[in-house]
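Indexing begins at 1, ligand by ligand and atom by atom, following the structure's order.
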Amino acid sequence: MRKYLIAGNWKMHGSKVSIGTLLEALKKAKLTDKADLAVFPSFTYLAQVQQSLAGTPIRWGAQNVSAYEQGAYTGEVSVAMLQDFACHYVLIGHSERRHLFGESLQETAQKFARAQSSGLMPILCVGETRDERERGQTLTIIQQQIAAILALPAGIKVFSQAVIAYEPVWAIGTGLTASPQEAQEVHLAIRDFIAKYDANIANHLQILYGGSVKADNSAALLAMPDIDGALVGGASLQAEDFLMIYKTAAV
Ligand code: PGA
């Protein structure tokens, strides 16, 4: 059985004080072996998160990473730096990176490879825009985003140590959510696509849903057979809301 993962993407939100309060509340949660819990602060708060969460079962990761190993790359943060703060995961190709910062398919693949070769677990974010959905291109776009990663030398094996998050761009931060059936359809298509290369890897792959996940819609989404967790933005900034979502996975 696949374990659920409930991941909180804090994006460019928070302060030392607000994150301190959030962490204290999250630490009180009782985790079960049905679901993992992870948070993704901005780089500047990773030290604080590590200090607070070390020794707890809650994991943490970064929202982005450099495609380069080290060197004269002003403003970039390397995989080794993330490992210095005991990150377990890193988000790769979040739609805000792809669409607001022009991250290309090739860059997502380089970042993914860099992270994975050092033992960080990449969470590859994929998803279509509203226009692409309306043009019936949802699966084509997602397959392109996954194919860029499959083109890495290790091929399909890369997905034995990775997570995929399906996040329809039109559902992120908009209050619009894909219905559980709409999401399930895409999750199943992603799993089938991976299964064409390796059925066992597809079967073990965690596929998270993201896009306006809230405590009042998470249970229905997580009840779908191919939805293995949630990548939560807005609702992860309030401990109570985030833990309510966790509880819907952990029952
Ligand atoms: P949202 O963000 O829950 O605020 O829609 C999700 C995400 O971007 O990961």
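Of all the heavy atoms in F112 and L124, the pair that sits closest is CE1-CB, 4.2 Å. Heavy-atom minimum distance, L26 versus I58: O-CD1, 3.5 Å. Here the closest heavy-atom approach between residue A183 and residue I227 is recorded as CB-CD1, 3.8 Å. Between A162 and V158, the closest heavy-atom pair is CB-O, 3.5 Å. In this structure, A215 and D241 approach most closely via the heavy-atom pair CB-O, 4.3 Å.
Remark: the T129 side chain and the E132 side chain contain an N/O donor-acceptor pair separated by less than 3.5 Å.
Contacts of I172 with ligand 1, taken as heavy-atom pairs under 4.0 Å, involve both backbone and side chain.
Here's the thing with E167: one of its N/O atoms is less than 3.5 angstrom from an N/O atom of ligand 1. The shortest N/O to N/O separation between K214 and ligand 1 does not fall below 3.5 Å. Considering backbone and side-chain N/O atoms, A235 never comes within less than 3.5 Å of an N/O atom of ligand 1. At a 3.5 angstrom cut-off on N or O pairs, G233 counts as close to ligand 1. Residue S212 places at least one N or O, backbone or side chain, under 3.5 Å from an N or O of ligand 1.
Each of the following atoms of ligand 1 lies closer than 4.0 Å to a heavy atom of H94: 7 (C), 8 (O), 9 (O). The atoms of ligand 1 that sit less than 4.0 Å from any heavy atom of N9 are 9 (O). Contact atoms of ligand 1 toward A171: 5 (O) (distance under 4.0 Å to a heavy atom of the residue). Contact atoms of ligand 1 toward G211: 5 (O) (distance under 4.0 Å to a heavy atom of the residue). For ligand 1, the atoms lying closer than 4.0 Å to a non-hydrogen atom of L231 are 6 (C), 9 (O).
Qualifying side chain to side chain donor-acceptor pair (under 3.5 Å) partners for S95, counting only residues two or more places apart in sequence or in other chains: none.
Ligand 1 does not have C125 within reach: every non-hydrogen atom of the residue lies 4.0 Å or more from it. Between G173 and ligand 1 there is a heavy-atom distance shorter than 4.0 Å.
The line from NZ of K214 to CE of M244 is 12.0 Å long, rounded to the nearest 0.5 Å.
Looking only at heavy atoms of the protein, atom 4 (O) of ligand 1 is closest to G234 N, 2.9 Å.
Between K111 and E103 there is a salt bridge, since a side-chain N of the basic residue sits under 4.0 Å from a carboxylate O of the acidic one.
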